[in-house]
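Encoded as structure tokens, the structure appears first; notes follow it.
Whatever order the structure lists ligands and atoms in, that order sets their numbers, starting from 1. In what follows, every heavy atom counts, from backbone to side chain, and hydrogens, waters and symmetry copies are set aside.
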Amino acid sequence: MESGNTVFQWLPCPVVFICTAHDDRRDIMTGTAMFVSEKEPLLTVSVATGHLTDQLITASGQFLVAVAAIGQTRLAIQLGSTRGEKMDKYTRFSIDTLPQDAGNGLIPKAVSSWMKCKVESSDTIKGYRVVTGRVVENGDLSRPPLVWHNDAFWNLISAPESGT
Ligand SMILES: Cc1cc2nc3c(=O)[nH]c(=O)nc-3n(C[C@H](O)[C@H](O)[C@H](O)COP(=O)(O)O)c2cc1C
């Protein structure tokens, strides 16, 4: 039996930027996401309660998930180690965003894809809000995505496995 949080280390997961806004405030943080079903466009994120991201999701009833692309590791570290309560991260890290009509002007330009979600359910466990959202708009920028595994960032640029 391994010690430490093996779930966090061993379970490969997409690196995403969770983008939020309400009234005159906005925020962006590094996180992950999983799909809920093959039939419905639902996805789930887990966000530490009390953080600005959590507050803005709760206040607005929506959030954007932007899948980080190769070349965005530095940005993922920056947005995963700073708090929106203390700064506007878009300004602090000079984040260029897609136009307003693609992701409300909150999506970093160089991402892999993005999905705008309306909150369908929300629950809390051990200091995290687990939020399931329904995708209502999306866009594919066709860049290879970043993956988090074994405390490191990986890219997905090799050929897919054939399965035969
Ligand atoms: C690779 C990576 C994945 C992360 N995943 C999550 C996550 O799923 N949920 C979470 O609450 N924080 C996660 N974090 C930490 C948040 O990004 C960090 O707490 C951030 O400062 C929160 O931003 P905010 O305070 O502006 O909301 C992750 C950080 C990294 C680097």
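- Separating the CG atom in Asp54 from the CG atom in Asp27 is a distance of 10.5 Å, to the nearest 0.5 Å.
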Short N or O contacts of ligand 1 with protein, under 3.5 Å, listed by atom name?
{"unit_1": "ligand 1", "atom_1": "8 (O)", "unit_2": "Ser46", "atom_2": "O", "d": "3.4"}
{"unit_1": "ligand 1", "atom_1": "9 (N)", "unit_2": "Ser46", "atom_2": "O", "d": "2.7"}
{"unit_1": "ligand 1", "atom_1": "11 (O)", "unit_2": "Ala48", "atom_2": "N", "d": "2.8"}
{"unit_1": "ligand 1", "atom_1": "14 (N)", "unit_2": "Thr30", "atom_2": "O", "d": "3.3"}
{"unit_1": "ligand 1", "atom_1": "17 (O)", "unit_2": "Thr30", "atom_2": "N", "d": "3.4"}
{"unit_1": "ligand 1", "atom_1": "17 (O)", "unit_2": "Thr30", "atom_2": "O", "d": "2.7"}
{"unit_1": "ligand 1", "atom_1": "21 (O)", "unit_2": "Thr82", "atom_2": "O", "d": "2.7"}
{"unit_1": "ligand 1", "atom_1": "23 (O)", "unit_2": "Lys89", "atom_2": "NZ", "d": "3.0"}
{"unit_1": "ligand 1", "atom_1": "25 (O)", "unit_2": "His51", "atom_2": "ND1", "d": "2.6"}
{"unit_1": "ligand 1", "atom_1": "26 (O)", "unit_2": "Asp27", "atom_2": "OD1", "d": "3.2"}
{"unit_1": "ligand 1", "atom_1": "26 (O)", "unit_2": "Asp27", "atom_2": "OD2", "d": "2.5"}
{"unit_1": "ligand 1", "atom_1": "26 (O)", "unit_2": "Gly84", "atom_2": "N", "d": "2.7"}
{"unit_1": "ligand 1", "atom_1": "26 (O)", "unit_2": "Lys89", "atom_2": "NZ", "d": "3.0"}
{"unit_1": "ligand 1", "atom_1": "27 (O)", "unit_2": "Asp27", "atom_2": "OD2", "d": "3.2"}
{"unit_1": "ligand 1", "atom_1": "27 (O)", "unit_2": "Thr53", "atom_2": "N", "d": "3.2"}
{"unit_1": "ligand 1", "atom_1": "27 (O)", "unit_2": "Thr53", "atom_2": "OG1", "d": "2.6"}

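- Ring planes of Trp148 and Phe153: perpendicular class, angle over 60° (limits at 30 and 60°).
- Taking CG of Leu11 as the start and CE of Met34 as the end, the distance is 9.0 Å to the nearest 0.5 Å.
- With Thr32 contributing its side chain and Pro14 its backbone, the two residues share a donor-acceptor pair below 3.5 Å.
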Under 3.5 Å, sequence neighbours excluded: what are the donor-acceptor pairs made by side chains of residues 114-127?
{"unit_1": "Lys116", "atom_1": "NZ", "unit_2": "Asn104", "atom_2": "OD1", "d": "3.3"}
{"unit_1": "Lys118", "atom_1": "NZ", "unit_2": "Gln62", "atom_2": "OE1", "d": "2.7"}
{"unit_1": "Glu120", "atom_1": "OE2", "unit_2": "Arg134", "atom_2": "NE", "d": "2.7"}

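- Within the 4.5 Å cutoff, side-chain heavy atoms of Val47 are placed close to those of Met29.
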